[in-house]
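To start, the structure itself, in structure tokens.
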Amino acid sequence: MAADSDTRGARRGFLITASQVAGGVGLAALTDRAWATSDSMQSAMRQVTGEAAVRRGRVKLDMPPLVENGNSVEFSVTVDSPMSATDHVRAIHVFAEKNPLPNVISVYLGPRAGRARITTRTRLADSQKVYAIAELSDGSYWSDAVDVIVTLAACLEELV
Amino acid sequence: MAEAIVSVPATARRGEIIELKALVRHPMETGFRYTQRGERVPRNIVTQFVCSYDGAEILRATLHPAITANPLLVFNAVATVSGEIEFRWTGDNGFSVSEIATIVVN
């Protein structure tokens with residue numbers, strides 16, 4: 001019994017340390033990235049942004065806050081940009097945190113698009129936060145996020 | 001249903017920003033589903049979409065399994081010259097579909 005409570009105490013100590021470490025990392029990530037996100041999201045986002053800072057603003061992710069059917073959710077991303085040769089949006093990336101794969105779509109565009117706006121449809125596996133990140137021609141990154149509640153998730157477990 | 005449906009305005013003024021819609025018929029099988037016998041259903045998705053017009057790429061997209069079946073993309077372009085706007089989708093298992101629409105620019 002004594003040994004058991006010892007291991008339990010040790011485990012508790014470890015858990016506290018672990019949570020403090022995780023909390024510290026989370027806080028660092030929050031200040032660095034402007035959003036708190038899971039590990040797979042972080043790595044997916046880093047693949048497109050590298051080490052650059054992502055700021056909130058200039059991007060508008062338009063997605064309904066309450067979705068009945070996660071199999072098809074229409075959304076649009078609009079970026080505040082003149083879309084001129086010298087000042088335009090280079091790319092728009094969308095991520096869904098709790099999907100099996102966080103990447104949703106990456107769109108590359110330029111001044112010939114005239115307007116930095118895309119509309120498409122996605123599947124959502126769960127209620128979650130969906131993120132849009134825009135890369136501008138000056139190399140800066142801007143983002144927006146929307147909390148979505150999904151009543152009927154896209155059926156991952158469904159057998160075919 | 002046709003393989004692809006695109007929507008392009010028939011005419012536009014030079015410099016006008018037009019709206020383009022592109023939809024292709026495709027199941028977008030995610031690769032995350034299993035059959036009743038426990039076998040994984042292999043991924044079969046459209047991975048790339050490109051729209052070209054007047055010798056330039058207007059928009060290119062990389063699609064992931066999260067995009068719905070029959071992927072739809074709505075976006076914009078600046079009307080520059082009369083001519084063809086080409087839409088091309090490519091994906092798993094050699095999937096390749098293209099559609100061309102013409103526009104008259106005054």
Is the number of heavy atoms from other residues, nucleotides or ligands within 6.0 Å of CD (A:Q47) greater than 12?
-> no

Closest non-hydrogen atom pair, A:I105 against B:I67 | CB-CD1, 3.9 Å

Options A:L101, A:N103, A:V107, ranked by heavy-atom pairs under 4.5 Å with chain B, top entry | A:N103

Given side chain to side chain contact (heavy atoms under 4.5 Å, CB included), test B:T30 with A:R123 step by step and report yes or no.
-> CA-CA 10 Å; B:T30 61; A:R123 298 174 171 127; 3.2 Å; yes

Closest non-hydrogen atoms of B:V78 and A:G114, given as atom of the first, atom of the second and distance, are CG2-CA, 3.4 Å

Who wins among B:T62, B:L59, B:V50, B:T80 for the most heavy-atom pairs under 4.5 Å with chain A?
-> B:T62

Within-4.5 Å side-chain heavy-atom neighbours: B:L23 and A:R121 = yes

Give the member of B:A61, B:P71, B:G15, B:C51 that has the highest number of heavy-atom pairs under 4.5 Å with chain A.
-> B:A61

Against chain A, work out which of B:R60, B:E16, B:M28 has the most heavy-atom pairs shorter than 4.5 Å and name it.
-> B:R60

What part of A:A113 lies closer than 4.5 angstrom to a heavy atom of chain B: side chain, backbone, both or neither?
-> both

Which atoms of B:Y53 approach chain A - backbone, side chain, both or neither, heavy atom under 4.5 Å | both

If one checks every heavy atom of B:I17 against chain A at 4.5 Å, the contacting part turns out to be side chain

Heavy atoms from other residues, nucleotides or ligands near CZ of B:R13 exceed 12 (cutoff 6.0 Å) = no

Please state whether the side chain, the backbone, both or neither of B:A79 comes within less than 4.5 Å of a heavy atom of chain A.
-> neither

Report yes or no: do A:Y108 and B:F87 belong to one cluster of Ile/Leu/Val/Met/Phe/Trp/Tyr joined by side chain heavy-atom distances under 4.5 Å?
-> no

Residue A:P102 versus chain B: region with a heavy atom under 4.5 Å = neither

With a 4.5 Å limit on heavy-atom distance, are the side chains of A:T120 and B:L63 in contact?
-> no

Among A:T122, A:N99, A:V104, A:I92, who wins on heavy-atom pairs under 4.5 Å with chain B?
-> A:V104

Measure the spacing between CD of B:E19 and CZ of A:R117 and express it to the nearest 0.5 Å.
-> 7.5 Å

Determine yes or no for a side-chain-to-main-chain donor-acceptor pair under 3.5 angstrom, with A:R112 supplying the side chain and B:E57 the backbone.
-> no

Nearest heavy atoms of B:T68 and A:N71, plus distance in Å | CG2-O, 3.0 Å

